[in-house]
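It should be emphasised that the depicted structure is a prediction, and the values quoted were computed from it without experimental measurement.
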Amino acid sequence: MIEEKSKATLIYNAKIVLQQEIIENGYVLIEKGCIACIGTKEAYETDHVRAGPAEQIFNGLVVDAQEGWLLPGFIDIHVHGGNGSDFMEAGISSLDQITQFHGRHGTTAMLATTVTASKQDIEQVLSAVHQYQQTPMPNAQLFGVHLEGPFLSPKWPGAQNPAYIVKPNLEWMDKWIGQYPDLIRMVTLAPETDGAMELIRLLHQHRIIPACGHSDANYKTMLEAQENGLCHAVHTFNAMTPLHHREPGTVGAILTTDSISAEVIADGHHVHPAVIRMMSKLKTAQNMILITDAISAAGLGDGDYELGGLKVYVKEGTARLKSTNSLAGSTLTMIQAFKYMVQQVGLSISQASEMASGNPAKLLGIDSMTGSIAAGKQADLVFVSTNFDICHVWVKGKMIH
């Protein structure tokens, strides 16, 4: 039941997923875009003296969750597009379309993720996202840009365009950081390439997340990169040297180094659920992060698409390059990834929530603001049914779906 009376919102009769516990039959009060208080429905009615149903006591927008789950909004740090649009298009309408689409599926914050492209095209994305952040963002919030490339290994291009792969260029990065302070939040690179260690140190110095991906690095090089500031790995297992019992490789270093957080694409195509389960035991809920790696095809079904100028086809929900048949991002949404982790991998709702919200917030350094349900934080919330179907999404207390 929803009844709109004012800008304040009361969500009650919900299973509220906090970082340390789950509140049964709980309520959340939203005021001025923030979470004002949290508790049980009975406590709310007692605190407000007048006994009676919550919807009669509260003078505002009332949402009866009907014993569904109230989760912190999802934070997607690796997403290229959705609903027919790509961040590389670098247009306001594209940014609106992507953030609206993923907002409808529970994402309340995201990083606009590029692909390996020309310097000019990358700079157009930086300019567009910077301008977009200067105005009120109506949907999921763009917290910055994730540069996936172009400083990658030509041996592991995946679905990145090899024509634009270059060695790490500190001059480019210095320029971009100077022109757009605090805009670039993450850079994916191959640590074994010439100049990579210097770039990792530069990124670390500017509090930009140096991430490993599309890499041919061995175990020793990965540890050296970690010592220089590398702290994250993108789409673990995909487009990197695999685990071998005599040479642990990139994957071995990621799985055994606690200071490196690790992404996973939980769609049933990129990584087997048993391997994700193993990964969750090694990385724990504190340094494992759910992402979509979604491309423009997300939400549109099977057909022909493009990614970074490369031809892509989608069949039965799986995106692949036409030229090599390599996986090319995904058509995933965060709520689908969340459901997969609970229903197929076997993690608890609390564990999946931490991987979809809490951990990415910590990595980005925004966990004091969002990423969990707590009094004083932004009201970035997702209400799902008992079957994990999206019912409502709030960003800064505003219902966007």
Side-chain angles (χ1 to χ4, degrees), residues 17 69 71-82 101-102 104-111 113 140 146 148 158-159 186 188 211-213 232-240 242-243 251 254-255 260-295 297-299 314-320 326-363 371 382 384 387-390:
V17 181
W69 298 94
L71 305 164
F74 304 137
I75 301 174
D76 193 354
I77 61 174
H78 191 155
V79 52
H80 296 283
F101 169 75
H102 286 287
R104 291 201 310 267
H105 293 86
T107 298
T108 56
M110 59 205 303
L111 295 184
T113 306
H146 169 188
E148 189 178 12
M186 183 187 304
T188 294
C212 168
H232 186 65
V234 303
H235 47 54
T236 307
F237 299 106
N238 301 115
M240 58 182 61
L243 175 69
V251 169
I254 294 167
L255 295 180
I260 299 178
S261 55
E263 298 174 358
V264 67
I265 307 171
D267 64 352
H269 307 298
H270 283 78
V271 186
H272 193 281
V275 176
I276 299 179
R277 195 174 303 119
M278 176 195 72
M279 180 183 177
S280 71
K281 294 179 184 299
L282 291 169
K283 298 307 292 180
T284 76
Q286 300 306 310
N287 51 16
M288 185 169 165
I289 293 175
L290 287 180
I291 60 159
T292 64
D293 200 10
I295 64 172
V314 175
K315 183 178 181 181
E316 296 179 354
T318 304
R320 294 184 179 273
S326 297
L327 289 167
S330 83
T331 60
L332 196 61
T333 62
M334 285 296 283
I335 186 60
Q336 290 172 332
F338 182 92
K339 289 169 68 172
Y340 189 86
M341 294 296 279
V342 175
Q343 297 175 347
Q344 302 300 321
V345 178
L347 299 189
S348 70
I349 289 171
S350 294
Q351 287 175 309
S353 176
E354 195 69 4
M355 294 174 186
S357 306
N359 290 346
K362 292 171 191 170
L363 181 67
V382 181
V384 299
N387 295 321
F388 303 116
D389 296 321
I390 296 280

Indicate the atoms forming the closest heavy-atom contact of [X] with [Y], along with that distance.
{"X": "P242", "Y": "V251", "answer": "CA-CG2, 4.0 Å"}
{"X": "A319", "Y": "I295", "answer": "CB-CD1, 3.8 Å"}
{"X": "T292", "Y": "D76", "answer": "OG1-OD2, 2.6 Å"}
{"X": "A233", "Y": "I254", "answer": "CB-CD1, 3.4 Å"}
{"X": "I276", "Y": "Y340", "answer": "CD1-CE2, 4.2 Å"}
{"X": "A266", "Y": "L290", "answer": "CB-CD2, 4.0 Å"}

Inset, instruction - Could you list the residues that satisfy side chain to side chain contact (heavy atoms under 4.5 Å, CB included) with Q343, not counting sequence neighbours? - result: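 Counting only residues at least two positions away or on another chain, Q343 forms a side chain to side chain contact (heavy atoms under 4.5 Å, CB included) with K339, F388.
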Inset, instruction - For T188, check side chain to side chain contact (heavy atoms under 4.5 Å, CB included) against everything at least two apart and list the hits. - result: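 T188: side chain to side chain contact (heavy atoms under 4.5 Å, CB included) contacts with H146, E148, L152, A211, V234.
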Is [Y] close to [X] at the side-chain level, that is, under 4.5 Å between some pair of heavy atoms?
{"X": "E263", "Y": "I77", "result": "yes"}
{"X": "Q336", "Y": "H105", "result": "no"}
{"X": "T333", "Y": "F101", "result": "yes"}
{"X": "M279", "Y": "L282", "result": "no"}
{"X": "E354", "Y": "M288", "result": "no"}
{"X": "S280", "Y": "M341", "result": "no"}
{"X": "I291", "Y": "V264", "result": "no"}

[X] (side chain) donor-acceptor with [Y] (main chain) under 3.5 angstrom:
{"X": "S326", "Y": "A159", "answer": "no"}
{"X": "D293", "Y": "H235", "answer": "no"}
{"X": "R277", "Y": "Q344", "answer": "yes"}
{"X": "T107", "Y": "F74", "answer": "no"}

Legend entry - S330 side chain to D267 side chain, donor-acceptor N/O pair below 3.5 angstrom: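 No.
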Inset, instruction - Could you label the plane-to-plane angle of the H80 and H78 rings as parallel, tilted or perpendicular, counting under 30° as parallel and over 60° as perpendicular? - result: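 The arrangement is perpendicular - the two ring planes meet at more than 60°.
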Inset, instruction - Take F338 and V384 through the test side-chain contact (heavy atoms from CB on, under 4.5 Å) and record every step on the way to the result. - result: CA-CA 11 Å; F338 182 92; V384 299; 5.8 Å; no
What is the distance from atom [atom1] of [X] to atom [atom2] of [Y], rounded to the nearest 0.5 Å?
{"X": "R320", "Y": "K315", "atom1": "CZ", "atom2": "NZ", "result": "10.5 Å"}
{"X": "I289", "Y": "I75", "atom1": "CD1", "atom2": "CD1", "result": "9.5 Å"}
{"X": "H102", "Y": "M334", "atom1": "NE2", "atom2": "CE", "result": "10.0 Å"}
{"X": "S353", "Y": "L347", "atom1": "OG", "atom2": "CG", "result": "12.0 Å"}
{"X": "H269", "Y": "L327", "atom1": "NE2", "atom2": "CG", "result": "8.5 Å"}
{"X": "L255", "Y": "L243", "atom1": "CG", "atom2": "CG", "result": "6.5 Å"}

